[in-house]
Amino acid sequence: MGGAIGKGELQRRGSTSGSKLEGKMVDAMQKRAKEGTNLKSFDSIILKFPKIDESLRNCKSIFEQFDEDKNGEIDQGELKRCFHRLEISIPEEEIKDLFEACDLHEHMGMKFNEFIVLLCLVYLLNEPAAKEAKAKMGLGNLEATFETLVNAFVFLDKNKDGYVSKEEMIQAVNETTSGERSSGRIAVKRFEEMDWDKNGMVSFKEFLFAFTQWVGIDEGDDEE
């Protein structure tokens with residue numbers, strides 16, 4: 001499990017990317033929560049890590065398609081041009097908001113792990129666009145992977161308010177490791193890895209960035 005990276009950057013970016021996008025994420029997650037989830041334990045999420053890791057790494061070819069100048073990052077212009085070329089219908093304002101939310105270091109270029117988070121947010125917020133992307137970019141089983149990530153967040157979000165609290169994380173882990181004294185410490189550690197802005201609540205975006213670390217995908221992956 002790698003250490004958290006760029007927490008200060010995410011905190012700054014989280015405060016400037018605007019509450020509008022976060023509001024959309026919360027609304028979408030609350031809607032999905034009403035549908036429920038088939039995940040029964042935190043362990044069942046962990047068991048899916050290898051398959052999710054493999055699926056997310058298959059995004060590398062998509063990342064390279066977007067990275068027109070091959071500098072290992074995707075800038076906002078490249079993102080807009082690729083969506084336009086693929087005729088994927090995402091409003092320009094939403095592309096800008098998504099880009100700024102996922103560009104942790106505010107240097108106007110997304111690394112590979114940031115790009116994965118963006119794709120998953122597109123899937124959550126704009127399912128028609130995600131379906132178009134699947135057909136035109138050859139996403140294959142990536143849709144199932146994103147659905148697993150959404151389901152994992154729904155499982156953790158016990159009160160279905162669109163966020164995960166420390167208490168909810170402890171409850172989720174305890175459901176798996178009932179009776180083990182270490183379960184509370186494990187839950188708190190996992191929660192701290194997710195709560196990048198230290199406000200006591202984890203959004204879906206924060207969860208996704210933590211997840212890319214949990215499965216071993218970090219900002220160095222684009223330099224392999």
Partners meeting side-chain hydrogen bond (donor to acceptor under 3.5 Å, both in side chains) with [X] (sequence neighbours left out):
| X | result |
| --- | --- |
| K160 | none |
| E94 | K24 |
| K158 | E175 |

Do the side chains of E193 and K189 get close enough for a salt bridge, i.e. N-O under 4.0 angstrom? yes

Tell me whether E35 is salt-bridged to R32, with the criterion being a basic N under 4.0 Å from an acidic carboxylate O. yes

Mind checking side chain to side chain contact (heavy atoms under 4.5 Å, CB included) for [X] and listing every partner two or more places apart, or none if nothing turns up?
| X | answer |
| --- | --- |
| E93 | K20, D97 |
| E64 | K60, K70 |
| D27 | Q30 |
| T37 | L39, N151, V154, F155 |

Nonpolar side-chain network containing L47, other nodes, edges under 4.5 Å: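 None, because no other hydrophobic side chain comes under 4.5 Å of this residue.
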
Could I get the full list of salt bridge (charged side-chain N to carboxylate O under 4.0 Å, His left out) partners for D75, not counting sequence neighbours?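 Salt bridge (charged side-chain N to carboxylate O under 4.0 Å, His left out) check on D75 returns nothing, list empty.
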
Going by salt bridge (charged side-chain N to carboxylate O under 4.0 Å, His left out), name the residues that satisfy it together with E167, two or more places apart in sequence or in a different chain.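 Here no residue qualifies.
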
To the nearest 0.5 angstrom, please state how far the CD1 atom of I116 sits from the CD1 atom of I52. 11.5 Å

I'd like to know if the side chain of Q213 reaches the main chain of A210, judged simply by a donor and an acceptor atom lying under 3.5 Å from each other, with no hydrogens or angles considered.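 No.
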
Has the side chain of Q76 got a donor or acceptor atom that lies under 3.5 Å from a matching backbone atom of F99? no

Only counting residues at least two apart or in another chain, list the ones meeting ring pair (Phe, Tyr, Trp, His ring centres under 6.0 Å) with F153. F204, F207

Which class fits the ring pair F115 and F63: parallel under 30°, tilted 30 to 60°, perpendicular over 60°? perpendicular

What's the shortest heavy-atom distance between L121 and L208, and which atoms? CD2-CD1, 3.8 Å

